[in-house]
There are 2 protein chains.
Amino acid sequence: MEFHQLRYVCAIAETGSFSRAAERCQIAQPSLSQQVLKLEEDLGTKLFDRLGRSVRLTEAGRAFIPHARSILEQIETARSSVADKNMDVRGSVSVGAIPTIAPYLMPRFTAAFAKKYPDAKLRIVEETTPVLVESLRDLSLDLAILALPLRHKDLELFPIRTEPLFAVVPKDHPYAGAESLALRDLRGEPFVMLRDGHCFRDLSIAACTHARITPNIAFESAQFSSLLGMVTAGVGISLVPEMAIDRNAGCRYVRISDPRATRTIVAAILRGRSFNRVQTAFLAGIRN
Amino acid sequence: MEFHQLRYVCAIAETGSFSRAAERCQIAQPSLSQQVLKLEEDLGTKLFDRLGRSVRLTEAGRAFIPHARSILEQIETARSSVADKNMDVRGSVSVGAIPTIAPYLMPRFTAAFAKKYPDAKLRIVEETTPVLVESLRDLSLDLAILALPLRHKDLELFPIRTEPLFAVVPKDHPYAGAESLALRDLRGEPFVMLRDGHCFRDLSIAACTHARITPNIAFESAQFSSLLGMVTAGVGISLVPEMAIDRNAGCRYVRISDPRATRTIVAAILRGRSFNRVQTAFLAGIRN
DNA sequence: TTGAGAGTATAGGCATTGCCTATGGAATTT
DNA sequence: AAATTCCATAGGCAATGCCTATACTCTCAA
C-alpha cells in the first residue's frame, strides 16, 4: 500500500471512472489502472467492479475508501502541523547569559524582541559559563551569550561583538583625566576584581599577565556594581568591559590601549541543533 | 512522503537511534538515513537533531510523530476492515429465481444455507427471466437462477443441472402406464401450458416444433400447480421439467425420450462483479 | 447490423527510486 | 592514543512507477 495508490482509488471513487481519475491525478490511465490492480493484489480483494464501461465500488471498496480518505487527510494535517511549528511565532526560546553581560545586553534586547514577537515565550537565565555550557548540552538551554575564549568543540559560536576594556579609577585618581592608558601603567595599583569562577576575571588576569603586571587584588565580588562602589570609595581600581560603563557612578573610565585588552562576546549553540522560528529570530537579532 | 518513511521515523523516535531503527525495520542503516533525509527535505524541516552520537526529536519532529503513528495505525485499520469485509459471514446476498424453479429448488436450499450461515442476510425474489436479468444489471440482485437458453453476453453463467422433460397425463390416459414416449406421439393431443412470458413455455414450444408437432393449447396459466389441476380434470396434457413432478397429484408422469427435450438450469451473475464471502458461498453451494 | 467511440487492461521500454555494500567523518569509550 | 560506535556520503543495481502503443470489450449511432 502506498500513498499514491490511495490517492488514485479515492479519485476513482469520486469520479466513477479510471480515465477521469487519471486526468485528475495527472497520470496516464494505464498507469492508474496498474496501480489500482497492485493495491487490490496487496489487499487480496477487489475494490472496484469493472462492469462493462462503468466502474463501481465493491463492498470491500466501500469499506476501504473512508479509511483511505482519512489517511490522506491526516497526511495533510501532519504536513500542516510541521509547517505551522516551523513558522510558529508563538514558539519558545531559552537563553542564558553570563553575569558580566546579562544586565547590560539582555534587558534592552529582550524588550525589543518581545515587542517584535509578542507571542514568543522567552526564558532568560543568568549563570556562569560552565553552568550555561552544561545547560546547552542537556538541551535545557537553546542559546547562551558567552565571552571568548571557549574551548568546546561541540558548540557552534556566532560572534556578536568585540569590545575594549576600560580601567575604572576614583574621581581624584592621577589617571582620572587621561584619555587612555597602558596596562603596565597600573603596576603597583591595588585592584578590586570579580571572584574566581567568572570568566571575566580570567580574562582580566590574562591581560595583566600579558602586560607583565601582577594585580594586587584588594577586594573581590560577584558583580560589577559592587566593584564600582569600592572604586568610588577609593579601595582600589578595576577593569571592566565597555558595556559595563556606568556614567552615573562616582568614577572615571579610562580606555586600556593594549590591543589584546578586549572581550569578544559570542552567541553559542550546541552543534547539530535545529531551531524553531523564534529561536532563529533571536539568534539573528542578537547578532545585529 | 511515503509510508516506509513514516515507519522509519517512528522507529527512530522509539529506539532513539538510526542504527537500532534500521535493525527494527530490517534495512541497512545508510538506507534509513537517506529516507529520513528525504522526508525532512520533503517537509522542509528537520525532524531529528543529530547531536554527536545521539539523536533527538526536534520540535517539528515532536509535532510530526503523533501524526505519523496515527497514519500507520489507520493503514492497519484500513487493511483489517477490508479483510473483515472479505471474510464476514454476516454479509448479504440477493437471489432471484424464475417461477418454474423457485418453489422446487429454493426452499430446501435456502433452509440448508441459512443453517450453515446463520448470520447471513438472504433475500429471495421470484420473477420472470427478463425482470431478473434487469435486476442483475442494476445490481439490485447478486445472483439469478435461470434456465437456458440465454443470450446475454454481460452475464456469466454457472451450470447447475440439466433435467429431462416429462409429459403429464390424466390417470386414465392411454399413455399413463408408458415408461417413456416421444414428443411426436403427442400429436393431436390438447395441451395446457404456461402463458407467454415464461421461458419454460418457449422451451416447450421449441421442443414441440423440433419434433414437428404444433401443440393445441387448450388452457394457459401462470403456475404449474394450476396446470396439474387441469390435467387431472382431463382438460389436456402438459410438459414439465423433472423437478416439477408432484407424486401426490392425480396424474401420471411419463419421461419424454427426445434427446433435446431437456432444461438446463444455471446460476447467472453480472460479468465483472466481485462477491463477498456469503455470495461466494451461495454460488458455490447451489452448484452442488 | 456495422462501424465509430469510449473505457479498462496488457505489453514493453525507460527514468527514477530504494535498497545494497563500502567507507568517510566525528564523537565517545577504553 | 587507539578502538569502537553512530550517522552521512558514494556508487552500484534491482525494483518500481510511469510512459506510449495497442488490444479487448462494451456502448452508441447510423
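Keep in mind the model is a prediction, meaning the values are calculated, not measured. By convention in this document, chain letters (A, B, ...) are assigned in the order of the sequence lines, proteins followed by strands, and residues within each chain are numbered from 1.
- Partners of B:D202 by side chain to side chain donor-acceptor pair (under 3.5 Å), not counting sequence neighbours: none found.
- Rounded to whole Å, the distance from CZ on A:R137 to P on C:dA27 is 11 Å.
- Salt bridge annotation for B:E14-B:R24: present, with a cationic side-chain nitrogen under 4.0 angstrom from a carboxylate oxygen.
- Rounded to an integer number of Å, the gap from A:F3 CZ to D:dT16 C1' is 17 Å.
- Taking atom CE of residue A:M1 and atom P of nucleotide D:dG17, one finds them 14 Å apart after rounding to whole Å.
- Of the charged side-chain nitrogens involved, none lies within less than 4.0 Å of a carboxylate oxygen, so that A:D49 and A:R56 do not count as a salt-bridged pair.
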* Quick one: what's the B/S/- string for nucleotides 20-30 of chain D, heavy-atom cutoff under 4.0 Å, read 5' to 3'? -> BB----BB---
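- The distance between atom CZ of B:R56 and atom P of D:dC7, rounded to the nearest whole Å, is 15 Å.
- Residues from residues 5-23 of chain A placing a heavy atom under 4.0 Å of any atom in DNA chain D, listed by number, are A:Y8.
- Using a 4.0 Å cut-off between charged nitrogen and carboxylate oxygen, B:R20 and B:E23 do not count as a salt-bridge pair.
- Note on A:R50: a side-chain N or O is less than 4.0 Å away from OP1 or OP2 of C:dA9.
- Taking the six-membered ring for Trp and the full ring otherwise, the centers of A:Y117 and A:F282 sit at least 6.0 Å from each other.
- At a threshold of 4.0 Å, the pair A:E41-A:K38 does not count as salt-bridged, since none of the basic side-chain nitrogens sits closer than that to a carboxylate oxygen.
- Salt-bridge formation is not detected for the pair A:E73/A:R7: no Lys NZ or Arg NE/NH1/NH2 atom is positioned less than 4.0 Å from an Asp or Glu carboxylate oxygen.
- Between A:D42 and B:R79, at least one side-chain nitrogen of the basic residue sits less than 4.0 Å from a carboxylate oxygen of the acidic one, meeting the salt-bridge criterion.
- Atoms CD1 (A:I27) and P (C:dT16) sit 17 Å apart, rounded to a whole Å.
- Between the CG atom of B:L32 and the P atom of D:dC6 there is a distance of 14 Å, given to the nearest Å.
- B:Q35 places its CD atom 14 Å from the C1' atom of D:dA15, with the value rounded to the nearest Å.
- Between B:R277 and A:E59 no salt bridge is recorded (no basic side-chain N to carboxylate O distance below 4.0 Å).
- Between the CD atom of A:Q34 and the C1' atom of D:dC19 there is a distance of 12 Å, rounded to whole Å.
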